[in-house]
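Take a look at the structure below.
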Amino acid sequence: MGFEVLLKGQNMARLIEGLGVALRISAISVSVSIFLGIVLGVVMTSKNPVVRFVSAVYLEIVRIMPQMVLLFLVFFGATKALGLRIEAEFASILVFSFWGTAEMADLVRGAVKSIPVIQYESSEALGLSRLQTYVYVILPQVVRRLIPLSINLITRMIKTTSLVMMIGIVEVLKVGQQIIEANRKSSPNAAFAVFATIFVLYFFACWPFSCLSKYLEKKWEN
Amino acid sequence: MDEILKIEQLKKSFDDLSVLDGIDLSVKKGEVVVIVGPSGCGKSTFLRCLNGLEDIQEGRVSLESEVINPVSKSTVNARKKIGMVFQSYDLFPHKTILQNITLAPMKVHKRKKAEAEGEALQLLERVGLVSKKDNYPRQLSGGQKQRVAIVRALMMHPEVLLFDEVTAALDPEMVREVLEVILSLAKEGRTMLIVTHEMAFAKAVADRIIFMDGGKIIEQGTPDDIFEHPKTERLQSFLKTFTYDR
């Protein structure tokens, strides 16, 4: 089945290192996205028509464009057109944050909007101040709605980082290809073993998030 | 009896649509005022103006000496003395019944947790819901939720209680358990303004009934005046909608 290639030399260690690259890109992009997404999401709940129009356009662009096109546009396009020299890893963090921020902001906007007006009113009718209303009544409910959804976004972002090999970043998938290429003669079946291993690696990278999301959903069922 | 709540020449409109058109009303301490009228006559909006949930265009609402509306800094303070129960379930879904009831006393009045919980349990006992103290709102029936909402308002020791169609969203068999609680509060001598469609209840609980239509007070008086001797044609035709002839 070709699993022996994984035991050769540093192959397994290189795969894990490749996963590390993918996870580093995701971790930075996810952090940026969550932070900017929360800020933008709150801004998007504004009634100002200009704010709403601009954010709607931004969201649509992100939704319509395949992430790979964005990646090429930034990495190759910007380099050529603007004469900027952007590191591949920086370009991918830029693109994933651009995408993640839009998605996160939309989740935040939806979660804030989903809290009925009566929750604000009954809290204020009890004499709580605006700030107390947010801290004790609104935000806890927003967070409860938001966390399972944003965890889902995180796992999607981790999976999508496999695209960065297209702009030459040596992440787990690229390492896998290199191993297969290098051992084409000695282990012609290496492809199955290598990709199966990558599958398992991705699974263990995303699975804990998925478990956490299920756990929180159950815990907050009330 | 002393006057506690005073409404002078209150006018309210949503954009161009006038909803309340010059309302004057003075409520005495311990008085139970029931407001009735056809849907859309402005009675719910009127109640919401009384604790500053709606801003007004003209006039004034004041509780004792504090101005509530037009909304200003003193509104937040005066609001603490007014309890309100709404039509739809306004309990906080992420908190248990006990937490729902003790949140405002602890955060607004800075009362100690144990002391607030002590009073909460007594009040829950009174409305027959002590056993539900650790449940979440969604585990309760509509009538139970509304009784909890009443307890939550009582915990702030309000001088005036506002009830905005509190039984309108309930199944008929649950209406009574909620209205009984309000009746018992009336017997205690609490000052209350109640908007309702339950005419039999209005008759039983009210010291004074206000009939509103088109954003104005058309007629007011004792339950006997209103139900047995309605003067205006508008009130007569409104009351007819509750009776059936064959």
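Convention: sequence-line order gives letters A, B, ...; per-chain numbering from 1.
- Counting all heavy atoms, side chain and backbone alike, A/Q119 lies closest to B/L91 at NE2-O, 2.9 Å.
- Taking the side chain as every heavy atom from C-beta outward, A/P140 and B/K95 never approach each other to under 4.5 Å.
- Annotation: side-chain hydrogen bond (donor to acceptor under 3.5 Å, both in side chains) contacts involving residues 42-62 of chain A, sequence neighbours excluded, are absent.
- Listed for the B/H94 side chain is no donor-acceptor partner under 3.5 Å among the backbone atoms of A/W220.
- Residue B/M174 qualifies as enclosed at atom CE: its count of foreign heavy atoms under 6.0 Å is above 12.
- For the residue pair B/F92 and A/S122, the shortest heavy atom distance occurs at CE2-OG, 3.7 Å.
- Counting heavy-atom neighbours within 6.0 Å of A/F53 CZ, excluding the residue itself, gives a total of 12 or less.
- Residue B/R126 places its CZ atom among more than 12 non-hydrogen atoms of other residues, nucleotides or ligands, all under 6.0 Å distant.
- The environment of A/F209 atom CZ is sparse: at most 12 non-hydrogen atoms of other residues, nucleotides or ligands sit within 6.0 angstrom.
- The number of heavy atoms from other shown groups lying within 6.0 Å of CZ (B/F14) is above 12.
- Note on residues 125-150 of chain A: pairs passing salt bridge (charged side-chain N to carboxylate O under 4.0 Å, His left out), not counting sequence neighbours, are A/E124-A/R130.
- In terms of heavy-atom pairs under 4.5 Å with chain B, the best-connected choice from A/L126, A/I118, A/L128 is A/L126.
- For CZ of A/F90, the number of neighbouring non-hydrogen atoms (other residues, nucleotides, ligands) closer than 6.0 Å is 12 at most.
- Scanning residues 47-59 of chain B against chain A with a 4.5 Å non-hydrogen threshold yields B/R48, B/N51, B/L53, sorted by number.
- For residues 98-117 of chain B, heavy-atom neighbours of chain A at less than 4.5 Å comprise B/L103, B/A104, B/K107, B/V108, B/K110, sorted by residue number.
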